[in-house]
Amino acid sequence: MATPAGLERWVQDELHSVLGLSERHVAQFLIGTAQRCVSAEEFVQRLRDTDTLDLSGPACDFALRLWNKVPRKAVVEKPARAAEREARALLEKNRGSKQTEKPESEDEWERTERERLQDLEERDAFAERVRQRDKDRTRNVLERSDKKAYEEAQKRLRMAEEDRKAMVPELRKKSRREYLAKREREKLEDLEAELADEEFLFGDVELSRHERRELKYKRRVRDLAREYRAAGEQEKLEATNRYHMPEETRGQPARAVDLVEEESGAPGEEQRRWEEARLGAASLKFGARDAASQEPKYQLVLEEEETIEFVRATQLQGDEEPSAPSLPTQAQQKESIQAVRRSLPVFPFREELLAAIANHQVLIIEGETGSGKTTQIPQYLFEEGYTKKGMKIACTQPRRVAAMSVAARVAREMGVKLGNEVGYSIRFEDCTSERTVLRYMTDGMLLREFLSEPDLASYSVVMVDEAHERTLHTDILFGLIKDVARFRPELKVLVASATLDTARFSTFFDDAPVFRIPGRRFPVDIFYTKAPEADYLEACVVSVLQIHVTQPPGDILVFLTGQEEIEAACEMLQDRCRRLGSKIRELLVLPIYANLPSDMQARIFQSTPPGARKVVVATNIAETSLTIEGIIYVLDPGFCKQKSYNPRTGMESLTVTPCSKASANQRAGRAGRVAAGKCFRLYTAWAYQHELEETTVPEIQRTSLGNVVLLLKSLGIHDLMHFDFLDPPPYETLLLALEQLYALGALNHLGELTTSGRKMAELPVDPMLSKMILASEKYSCSEEILTVAAMLSVNNSIFYRPKDKVVHADNARVNFFLPGGDHLVLLNVYTQWAESGYSSQWCYENFVQFRSMRRARDVREQLEGLLERVEVGLSSCQGDYIRVRKAITAGYFYHTARLTRSGYRTVKQQQTVFIHPNSSLFEEQPRWLLYHELVLTTKEFMRQVLEIESSWLLEVAPHYYKAKELEDPHAKKMPKKIGKTREELG
DNA sequence: GAGCACTGC
């Protein structure tokens with residue numbers, strides 16, 4: 001009979017030769033399953049059910065051999081014994097005492113089996129305790145949240161003040177030029193290579209008309225680019241610029257100097273400049289004579305070969321609404337709230353909609369933004385009596401602000417105080433009470449509620465809004481809700497989505513009917529470029545100016561991919577406007593992206609001064625998250641930055657990719673919110689048709705799923721491969737998540753949730769982070785670990801590094817360094833900030849982002865509250881950082897790297913990795929490292945690294961590491977050891 | 001010596 005270890009080795013070897021994989025937990029899973037099955041047939045069937053192995057030919061043979069090899073005696077006895085134990089576990093309470101009597105002669109299988117069952121019992125007891133505590137907890141949330149909201153508002157005001165002080169714009173011409181030059185060079189090289197390829201490959205092939213045209217475009221673009229480059233070099237000699245008006249500027253050198261001074265001006269300069277701008281704009285209004293005299297100059301501004309040719313190709317249809325005016329007029333706003341409600345597009349459908357909801361359990365609602373579905377439908381349901389008998393209506397939103405603002409509006413419409421009948425529930429802020437029946441919440445929040453109420457028993461209706469956005473949480477909700485709906489026939493499910501994909505939702509929910517509500521949108525004319533653009537940034541700038549001088553009034557929205565591009569584009573635009581001076585009307589250039597200080601963000605909402613035009617240069621944030629009034633023109637280069645995840649390496653990367661058609665149309669739609677608009681796409685109609693994906697890949701397929709898997713397991717969903725996903729994630733992603741959870745001890749060898757896993761699921765952080773928090777109890781340092789966890793949760797935006805104070809900022813950062821690594825640096829930053837009384841002034845002085853710190857504080861407070869829930873006590877290590885580092889290692893032993901002759905390599909996958917230059921350990925080379933995350937940018941970088949000792953790995957994860965693989969092959973271990981012993985002796 | 005879109009619990 002094979003020993004357990006021998007059997008396991010045998011299975012691993014077999015697995016390797018049969019399937020080409022050899023995972024320890026797979027082997028254990030197979031042995032465990034074989035051991036529990038009464039017959040070989042049952043075993044094969046079970047493996048088939050998991051759907052993880054291809055059980056044809058050799059694999060099936062292997063399964064049979066394995067079943068035979070598992071000790072016969074055990075096979076016959078175990079299931080009966082296990083079943084008996086399970087029954088006893090449920091029925092008897094004095095089981096524990098019987099266990100202690102177990103003879104020592106029991107073999108390893110029996111021991112693990114006993115431990116497993118004991119753990120399951122503990123887990124269920126823990127879950128029950130949590131449920132009970134939730135029940136007992138009485139809330140007085142309303143007052144608390146009001147107070148909190150007030151404090152929040154105060155904090156924001158203070159922060160805006162700080163941000164304003166810190167805001168000092170400056171020029172970065174050099175880096176910008178280098179960036180653009182490099183980009184242009186690369187594009188041109190690409191194009192030339194492509195053309196050369198085509199000529200070589202298809203030179204003598206008959207081309208279709210279309211292909212010929214394409215080729216001609218490409219050649220023309222190449223020639224233009226060459227000419228342009230040549231011209232540019234010529235211009236460099238002349239020290240002029242393409243849009244430069246030489247005679248004007250040369251005549252006014254003083255003006256240029258003025259502008260430079262303004263740029264580096266003191267705080268308050270912005271305000272003055274803005275006022276000047278308004279004055280300037282006002283003065284432009286005098287008479288038509290001015291305007292007329294400017295006309296011919298436009299021709300000079302944009303010479304023919306420098307403009308971009310657009311062709312109008314299609315039109316995004318507006319929704320016809322002849323009777324109702326599209327925007328509430330002044331008079332309308334003064335009318336009663338009820339009249340406004342009646343004017344919404346959804347109103348005429350009220351009865352029909354309620355009938356459809358009554359007749360069908362699941363209804364897909366297709367409606368554009370502005371149809372009133374989000375605010376009205378829950379109210380209709382309320383009026384119809386769906387909230388009687390204490391039942392609630394949930395409406396989920398993908399974003400926090402949306403949940404808050406919609407709830408506030410509905411409360412106003414219903415004439416109740418926010419938090420009473422109508423409330424919202426988002427992370428860090430629960431504005432609901434016992435009386436709340438209409439509950440707006442973020443999708444992630446409803447997902448969390450499944451943990452305490454898996455059947456959503458207190459809800460009569462669940463409405464999933466903005467379903468087309470396909471956020472990770474929405475996608476998981478679909479599967480869960482579909483399941484709940486099956487055994488709760490009285491639960492109504494509404495899925496609200498924009499026109500996209502409603503058919504798919506319908507199919508997913510067993511052909512649920514689709515109810516269409518017209519929106520309120522204006523038509524948008526779509527224009528494409530005639531030829532592809534080599535440098536889209538340059539093309540953007542030219543197009544903006546082109547729109548500015550040739551098109552009627554209306555603000556412009558430009559979509560770029562990130563902060564760097566936005567800054568570059570804004571500078572180019574401002575630069576050119578300055579050179580053109582009074583020859584063109586004023587153009588206000590405003591950037592917007594998530595990391596921009598709040599007061600700068602607020603500027604995009606200020607109304608445009610008369611006579612001027614606003615151009616907002618934005619990231620994806622303007623696609624869904626915020627709406628800017630007055631946008632008539634949209635400029636879309638067709639790119640976005642997207643996160644992707646490689647499950648094989650566990651590495652995330654952020655890359656610029658062409659956006660999808662859906663995304664392009666969403667962007668175009670932004671032009672038609674107040675009037676008929678125009679969208680200029682900086683790519684050809686052909687590219688739109690043939691090169692863009694139909695829809696964006698749903699998030700669930702682009703991200704790591706550790707906490708999702710943990711959550712599903714906690715909800716009792718064991719068979720993830722068969723979970724009803726609208727779009728299933730890659731198989732490898734699920735497998736890696738399972739493997740990691742197994743390594744972390746969240747799942748046992750049969751893939752069942754353990755007590756520790758159940759606790760981890762309670763914490764709203766990634767599994768490794770929650771493991772670290774749980775482990776902090778053992779090392780008595782939960783206070784410190786909470787801080788580290790909170791700081792790690794805010795995305796690398798702790799240190800602020802303004803371009804003009806790089807040296808100061810770097811010095812400030814280095815001052816926080818502590819030996820040991822970045823985790824301790826983060827701890828240090830937070831501790832000092834807390835000692836300053838959470839001061840924003842302190843942040844400003846130390847080049848730390850106040851906004852991020854405030855978020856870290858929120859996270860820390862939430863985690864601290866949850867610590868009690870997972871039954872971990874608060875304790876401090878009192879400066880003994882070894883304990884903190886060990887606790888971190890207990891969560892992150894999966895993420896380790898060791899120094900080899902050829903640099904760092906990850907311990908398990910032997911992948912070459914590098915310390916990120918921002919790390920405190922960048923200039924040191926510790927032998928053993930632990931990293932928080934691995935990101936692929938220009939190289940495979942480890943971000944947030946911590947120095948560890950290899951012996952700790954054996955201490956915290958003996959199941960995962962073998963002493964042998966932690967030996968240092970090159971280290972001169974023996975002499976060192978001897979030396980040490982002697983030292984000790986002496 | 002790099003350079004992080006956007007959400008959310």
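The chains referred to below are lettered A, B, ... by the order of the sequence lines, with proteins before strands, and numbering in each begins at 1. In what follows, every heavy atom counts, from backbone to side chain, and hydrogens, waters and symmetry copies are set aside.
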Exercise. In whole angstroms, how far is the C1' atom of dC6(B) from the OH atom of Tyr645(A)?
Worked result: 19 Å
Problem set entry | N/O (side chain, Thr442(A)) to phosphate O (OP1/OP2, dC9(B)) under 4.0 Å | yes
For this session: Rounded to the nearest angstrom, tell me the gap between atom CG in Asp858(A) and atom C1' in dC9(B).
Result: 13 Å
Problem set entry | d(CD, Gln563(A); P, dC6(B)) in whole Å | 9 Å
For this session: Go through dA2(B), dC9(B), dC6(B) for me and flag the one nearest to the Arg400(A) side chain.
Result: dC9(B)
Problem set entry | Gap between atoms CZ and C1', on Arg855(A) and dT7(B) respectively (whole Å) | 10 Å
For this session: With heavy atoms under 4.0 Å as the rule, sort Ile426(A) into base, sugar-phosphate or nothing.
Result: sugar-phosphate
Problem set entry | OP1 or OP2 of dC4(B) under 4.0 Å from side-chain N/O of Arg943(A) | no
Problem set entry | Which nucleotide in dA5(B), dG8(B), dA2(B) has an atom nearest any side-chain atom of Leu654(A) | dA5(B)
Problem set entry | Residue Glu868(A) excluded, over 12 heavy atoms near CD under 6.0 Å | no
Problem set entry | Separation of atom NE2 in His468(A) from atom C1' in dC6(B), rounded to whole Å | 14 Å
Exercise. What is the distance from CD1 of Ile700(A) to P of dC6(B), rounded to the nearest Å?
Worked result: 23 Å
Problem set entry | Option from Val829(A), Asn846(A), Asp810(A), Asn918(A) for which side chain to side chain contact (heavy atoms under 4.5 Å, CB included) with Phe799(A) holds | Val829(A)
Exercise. When all nucleic acid strands are considered with a 4.0 Å heavy-atom cut-off, which category describes Arg427(A): base, sugar-phosphate, or nothing?
Worked result: base
Exercise. Tell me, which pairs form a salt bridge (Lys or Arg N to Asp or Glu O under 4.0 Å) where one or both residues lie in residues 462-477 of chain A, sequence neighbours left out?
Worked result: Lys373(A)-Asp465(A), Arg399(A)-Glu469(A), Arg470(A)-Asp475(A), Arg470(A)-Asp727(A)
Exercise. Which nucleotide, dA2(B), dC6(B), dT7(B), lies nearest any side-chain atom of Thr619(A)?
Worked result: dC6(B)
For this session: Ignoring backbone atoms, test whether Thr471(A) places a side-chain nitrogen or oxygen under 4.0 Å from the OP1 or OP2 oxygen of dG8(B).
Result: no
Give every donor-acceptor pair under 3.5 Å between a side-chain atom in residues 615-625 of chain A and any protein atom, sequence neighbours left out.
from, atom 1, to, atom 2, distance (Å)
Thr619(A), OG1, Ile621(A), N, 3.2
Asn620(A), OD1, Arg667(A), NH2, 2.9
Glu623(A), OE1, Ser663(A), OG, 3.2
Glu623(A), OE1, Arg667(A), NE, 2.9
Glu623(A), OE2, Ser663(A), OG, 2.9

Problem set entry | Side chain proximity check, Tyr424(A) to Val406(A), heavy atoms < 4.5 angstrom | no
Exercise. Hey, which of these two, Lys643(A) or His916(A), hits DNA chain B nearer its 5' end, going by closest nucleotide?
Worked result: His916(A)
Exercise. Between dC6(B), dC9(B), dG1(B), which one does the side chain of Phe922(A) approach most closely?
Worked result: dG1(B)
Exercise. CD of Glu693(A): more than 12 outside heavy atoms within 6.0 angstrom?
Worked result: no
For this session: Find the distance Arg470(A):CZ to dT7(B):C1' and express it as a whole number of Å.
Result: 15 Å
For this session: For Ile621(A), answer base if it contacts any base atom (sugar-phosphate contacts may also be present), sugar-phosphate if it contacts only those atoms, and nothing otherwise; contact means non-hydrogen atoms under 4.0 Å.
Result: sugar-phosphate
Exercise. Base, sugar-phosphate, or nothing: which does Glu469(A) touch, judged by heavy atoms less than 4.0 Å apart?
Worked result: nothing
Exercise. Nearest of dC9(B), dC6(B), dT7(B) to any side-chain atom of Met445(A)?
Worked result: dC9(B)
Exercise. In whole angstrom, what separates Phe639(A)'s CZ from dC6(B)'s C1'?
Worked result: 19 Å
